[in-house]
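None of these values were measured; they are calculated from a predicted model. Side chains are part of it too, since the values below use all heavy atoms of this structure and drop only hydrogens, waters and symmetry mates. Numbers here are sequence positions counted from 1. Read the numbers this way: they start at 1 and go in the same order the structure lists the ligands and their atoms.
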Amino acid sequence: MSGLAFQGLKRGLAVVVAEGRAVAPLASWRAPFASASDSFTEKIWGTQPHPGWEPPKKLPVPPAIENGKMVAIDPRVIGGKKCYPLIISAVVPRPIAFVSTVSKDGQQNLAPFSYFTAMHDPPCVVICVNRAAHRNGGKKDTMANIDETKEFTVNVLSEWFLEQANHTCGNYDEDVDEMALSGLTKEPSLKVKPPRVKESAVHMECKLKHKYETKGYNGEDTATIVVGEIVMFHVNESVAKKTPSGNTYVGLEELQPISRLGGNTYGRSRECFDLARPDRDWQNR
Ligand SMILES: Cc1cc2nc3c(=O)[nH]c(=O)nc-3n(C[C@H](O)[C@H](O)[C@H](O)COP(=O)(O)O)c2cc1C
């Protein structure tokens, strides 16, 4: 294996050894907190796919991919709506924002959104709320409420309440309170009106910072991209961990996050591994 060998997990710290000498810890701040006696850790953490790889060696590509022809698909030819199954199956796995909102009249709403990403300085979330086909292209309740009150909460999805979360995504009427319908528990927020979902281990109270209305190829309204600034985090102490410098982070094993894949498929983060980033030195070798 050309001098490089994987030495396995030692107290959660994966190490690559070159000619008997440790060169790169594969885990950074996770390692000190993972213990071999942690059953979740044993279940989840595995080895990187190719521990003996050295740049610029080529890695083997599966024959079906190597010999397969690329099919070119022009979205303007097939139309934006027909891109839906392609996009949601190709851009995977996606995290899921479980978004709670309230209308100006106090009607509460809850729905999952996997067109979802985030940034940290300032801490913001980004979700994309499509127009509703069942409302002839009208707004979903989540978007109508954000437009009215400029506030929402994002609650992280975990395995232990997934079926309840999934139940909130039906095309229900606007006067339906999905939190009550699916048996979830409301927790009052500190800085915004929409409640949080008590069953979730990480909550983010958000205020609308920007929004961008998108148009389809025929000029019709198709979606709104919402940027919300996080004005308060809530982290359940059972998932909260500290980096060596004292910053809070969330333990993967404890969080049991669920992601969305294509169609109605969900995923668990059940086999993970750490991989060190290359040193700048590599550019001169
Ligand atoms: C896992 C999952 C992810 C979803 N992601 C999105 C999304 O990113 N954008 C969107 O517009 N709808 C998404 N949906 C559909 C909405 O949740 C659904 O339309 C919901 O009824 C909207 O509710 P509302 O009208 O109460 O806002 C998703 C559904 C599921 C189950």
Side-chain angles (χ1 to χ4, degrees), residues 80-118 124-184 186 193-197 199-200 204 206 208 211-216 220-228 256-269:
K81 286 185 181 40
K82 297 258 170 71
C83 293
Y84 174 67
L86 177 57
I87 283 281
I88 68 160
S89 58
V91 183
V92 287
R94 293 184 305 287
I96 302 168
F98 202 20
V99 179
S100 155
T101 53
V102 182
S103 74
K104 64 176 177 346
D105 301 325
Q107 176 63 49
Q108 304 204 345
N109 197 88
L110 183 66
F113 293 88
S114 67
Y115 285 159
F116 169 43
T117 190
C124 289
V125 292
V126 182
I127 57 169
C128 172
V129 186
N130 300 320
R131 289 294 194 275
H134 67 282
R135 289 184 180 161
N136 292 322
K139 284 181 185 164
K140 295 188 180 185
D141 296 332
T142 300
M143 197 60 240
N145 292 349
I146 293 174
D147 276 342
E148 282 182 10
T149 65
K150 323 282 185 230
E151 294 181 344
F152 56 103
T153 71
V154 168
N155 304 269
V156 173
L157 263 198
S158 290
E159 184 159 348
W160 57 82
F161 63 99
L162 180 64
E163 286 81 1
Q164 286 174 290
N166 183 68
H167 194 65
T168 67
C169 85
N171 292 333
Y172 308 125
D173 288 343
E174 58 195 32
D175 58 353
V176 171
D177 176 342
E178 290 89 353
M179 189 109 65
L181 186 77
S182 50
L184 289 160
K186 289 170 194 164
K193 283 223 179 73
R196 299 173 281 134
V197 177
E199 284 77 1
S200 163
M204 293 164 248
C206 303
L208 179 66
K211 66 171 189 162
Y212 178 80
E213 304 289 347
T214 61
K215 302 263 181 211
E220 75 283 18
D221 293 326
T222 53
T224 309
I225 297 169
V226 172
V227 180
Q256 299 179 40
I258 291 291
S259 58
R260 189 178 179 195
L261 303 157
N264 285 339
T265 306
Y266 288 97
R268 300 179 172 98
S269 294

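Applying the side-chain contact (heavy atoms from CB on, under 4.5 Å) rule to Lys211 yields the partners Met143, Asp147, Leu208, Glu213, Thr224; only residues at least two apart in sequence or on another chain are considered. A search for side-chain contact (heavy atoms from CB on, under 4.5 Å) contacts involving Thr214 returns Tyr212, Thr222, Ala223, Ile225, not counting sequence neighbours. Judged as a side-chain contact (heavy atoms from CB on, under 4.5 Å), and not counting sequence neighbours, the contacts of Glu159 are Gln256, Ile258, Arg268, Arg270.
Around NZ of Lys82, the count of heavy atoms belonging to other residues, nucleotides or ligands within 6.0 Å does not exceed 12.
Considering every non-hydrogen atom in both Thr168 and Ser182, the closest pair reads CG2-OG, 3.3 Å.
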Ligand 1: which protein N/O atoms lie under 3.5 Å from its N/O atoms?
{"residue": "ligand 1", "atom": "5 (N)", "partner": "Ser114", "partner atom": "N", "Å": "2.8"}
{"residue": "ligand 1", "atom": "8 (O)", "partner": "Ser114", "partner atom": "N", "Å": "3.0"}
{"residue": "ligand 1", "atom": "8 (O)", "partner": "Tyr115", "partner atom": "N", "Å": "2.8"}
{"residue": "ligand 1", "atom": "9 (N)", "partner": "Cys128", "partner atom": "O", "Å": "3.0"}
{"residue": "ligand 1", "atom": "11 (O)", "partner": "Asn130", "partner atom": "N", "Å": "2.8"}
{"residue": "ligand 1", "atom": "11 (O)", "partner": "Asn130", "partner atom": "ND2", "Å": "3.3"}
{"residue": "ligand 1", "atom": "11 (O)", "partner": "Lys140", "partner atom": "NZ", "Å": "2.9"}
{"residue": "ligand 1", "atom": "12 (N)", "partner": "Lys140", "partner atom": "NZ", "Å": "2.9"}
{"residue": "ligand 1", "atom": "14 (N)", "partner": "Pro112", "partner atom": "O", "Å": "3.4"}
{"residue": "ligand 1", "atom": "17 (O)", "partner": "Pro112", "partner atom": "O", "Å": "2.8"}
{"residue": "ligand 1", "atom": "19 (O)", "partner": "Lys140", "partner atom": "NZ", "Å": "2.8"}
{"residue": "ligand 1", "atom": "21 (O)", "partner": "Cys169", "partner atom": "O", "Å": "3.0"}
{"residue": "ligand 1", "atom": "21 (O)", "partner": "Gly170", "partner atom": "O", "Å": "3.1"}
{"residue": "ligand 1", "atom": "25 (O)", "partner": "Asp141", "partner atom": "N", "Å": "3.0"}
{"residue": "ligand 1", "atom": "26 (O)", "partner": "Asn109", "partner atom": "OD1", "Å": "3.0"}
{"residue": "ligand 1", "atom": "26 (O)", "partner": "Asn109", "partner atom": "ND2", "Å": "2.8"}
{"residue": "ligand 1", "atom": "26 (O)", "partner": "Glu178", "partner atom": "OE2", "Å": "3.4"}
{"residue": "ligand 1", "atom": "27 (O)", "partner": "Asp141", "partner atom": "N", "Å": "3.3"}
{"residue": "ligand 1", "atom": "27 (O)", "partner": "Thr142", "partner atom": "N", "Å": "2.8"}
{"residue": "ligand 1", "atom": "27 (O)", "partner": "Thr142", "partner atom": "OG1", "Å": "2.5"}

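Counted by atom type alone, Ser200 and Asn155 present zero donor-acceptor pairs between their side chains at under 3.5 Å.
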